[in-house]
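To start, the structure itself, in structure tokens.
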Amino acid sequence: MPALLEIDRLTRNFGPFTAVDDISFTVKQGEVLGFLGPNGAGKTTTMRMVAGYLPPSQGTVRIGGFDVQDHPREIKRQLGYLPEGAPLYGEMTVDAILHFAASARGMESGIRRQRTEYVIERLRLESVLYQQVETLSKGFKRRVGLALAILHDPGVLVLDEPTDGLDPNQKHEVRELIKTMAGSKAIVISTHILEEVDAVCTRAMIIAHGRKLIDGTPASLLAEAGNAGTLDDVFRKLTGRSE
Amino acid sequence: MTNPVVAVLRRELVSYFVTPVAYVFIAIFLLMASLLTFHMGNFFDRGQADLYAFFQWHPWLYLFLVSAIAMRLWSEERKTGTLEILMTLPISAGQAVVGKFLAAWIFTGIALGLTFPLWITVAYLGDPDHGVIIGSYVGSFLMAGGYLAIGSCVSALTRNQVIAFVVSVSVCFLFTVSGLPIVLNFFSAWTPQALLDAIASFSFLTHFNDLSRGVIDLRDLVFFGSLIVGALLLNTVIIDAKRGS
């Protein structure tokens with residue numbers, strides 16, 4: 001399988017502060033990479049650079065062989081992105097927001113109808129289709145955000161904390177959705193919830209202070225903790241500070 | 001297949017009308033325009049069948065109302081995070097800037113268009129020079145575009161709508177009065193005449209007065225046109241430069 005997403009020596013500075021420091025990794029089709037780290041580790045900054053929203057200070061992001069900075073249009077077609085907190089235009093209805101995203105993506109009306117129907121069914125949005133987004137529950141809002149991310153059937157999905165703030169049932173639903181899409185796509189999910197790694201990821205990477213600490217299968221991460229360890233132990237051991 | 005500019009434009013325009021923004025703006029605009037025309041402008045006492053009493057207030061009305069429309073254009077997207085959605089769609093910053101600006105301009109155009117009963121009134125009461133009125137409407141619409149483009153540009157600089165509003169009103173105020181003695185006297189003591197003329201030439205009032213006399217002069221059109229294009233280009237640069245920060 002070719003690597004759909006290639007991150008090479010990615011670095012981002014904000015003034016004197018280095019939020020992301022020399023991170024490299026690749027994600028192949030069929031892989032679900034769990035991007036782990038404590039709050040403030042640089043997860044969102046990395047996700048934003050991968051999505052082409054934030055230009056990197058150094059390093060490159062390539063999606064399907066195209067550089068994110070040099071070919072923004074091509075990249076945006078191949079990439080589905082759920083920003084942190086799933087921001088949405090609150091005054092719009094679900095139907096209108098899907099229609100907007102589809103037409104902004106230049107979809108022909110036939111394809112637009114087909115794709116919109118698909119995501120509505122997939123994320124079970126029928127019942128709220130004509131409601132304003134700001135009146136929806138958190139779970140529904142997140143599902144609308146995910147619908148926007150997969151609307152154009154991208155090969156690469158970048159989901160920033162897709163289950164954050166959801167109740168256990170909603171978390172389960174989102175994870176099931178990610179699992180069913182996993183085969184045909186390369187997926188990166190950022191999270192600070194470790195059970196997520198067990199639940200959906202084929203590979204996990206832990207970062208702290210902008211640096212990559214470990215990258216491997218969930219099993220190899222566990223081996224790191226010794227026999228009796230859990231993922232929590234690995235996480236604390238690697239990212240915990242002595243102060 | 002829809003052009004991305006049209007997609008943004010349509011989304012923006014719809015969002016004015018699904019929220020109270022459109023109705024409040026139009027109601028206040030019409031109310032204030034009529035109050036100023038009939039009370040402050042002495043519409044009837046002038047005894048002339050023209051809309052001078054109406055159009056003379058437009059620069060001052062727009063100063064606040066158009067800045068209020070423009071302040072949310074980018075600040076709100078930045079604050080709610082939807083800018084991240086917009087900028088990761090296959091839309092360039094320039095297309096988004098143009099789409100948003102056109103939607104707001106069309107919207108102010110609708111508000112301006114709804115003042116047509118005044119035109120009907122003067123036509124009924126007397127025999128106005130319709131050329132002058134058309135010129136005034138064109139001038140007023142162009143001027144609204146100028147205020148909007150400046151406001152949109154300022155809005156791109158901050159996620160705080162109050163700051164966007166206050167700064168935009170201040171900048172627009174300078175553009176409005178730059179041809180008046182209060183500004184020119186300040187500069188005249190120590191600046192050469194050429195610079196003084198340059199400052200005065202930026203005045204919205206001067207250009208609008210020319211147009212509202214019914215003289216559609218190419219220079220006034222070029223002034224507003226280039227001001228709008230310049231502000232939107234700057235707007236695009238700001239959006240690109242501040243992306244993600």
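The model shown is predicted, which means the values in this text are computed figures rather than measured ones. Letters A, B, ... are given to chains in the order of the sequence lines, protein chains preceding strands, and every chain is numbered from 1.
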Got A/Phe100 and B/Leu89 here, is their nearest side-chain heavy-atom distance under 4.5 Å?
yes
Exceeds 12 heavy-atom contacts within 6.0 angstrom, atom CZ of B/Phe141:
yes
Part of A/Tyr89 within contact of chain B (heavy atom distance under 4.5 Å)
both
Pull out the residues in residues 56-73 of chain A that come under 4.5 Å of chain B, heavy atom to heavy atom, sorted by number.
A/Gln69, A/Arg73
Identify which part of A/Leu148 has an atom lying under 4.5 Å from any heavy atom of chain B, answering side chain, backbone, both or neither.
side chain
Considering only heavy atoms and a distance below 4.5 Å, find which of B/Ala7, B/Pro90, B/Ser92, B/Pro4 pairs most often with chain A.
B/Pro90
Select one option (side chain, backbone, both, neither) describing which atoms of A/His99 are under 4.5 Å from chain B's heavy atoms.
side chain
Where B/Gly81 and A/Pro87 come nearest, the two heavy atoms and their spacing:
O-CG, 3.2 Å
Max heavy-atom pairs within cutoff under 4.5 Å with chain A, candidates B/Ile91, B/Thr82, B/Leu86, goes to B/Thr82
Can you list, pair by pair, the side-chain donor-acceptor contacts under 3.5 Å of residues 18-31 of chain B, counting residues two or more places apart and other chains?
unit_1, atom_1, unit_2, atom_2, d
B/Thr19, OG1, B/Ser15, O, 2.9
B/Thr19, OG1, B/Tyr16, O, 3.3
B/Tyr23, OH, B/Phe17, O, 3.0

Side chain, backbone, both or neither: which part of B/Gln95 has a heavy atom under 4.5 Å from chain A?
side chain
Part of A/Gln132 within contact of chain B (heavy atom distance under 4.5 Å)
side chain
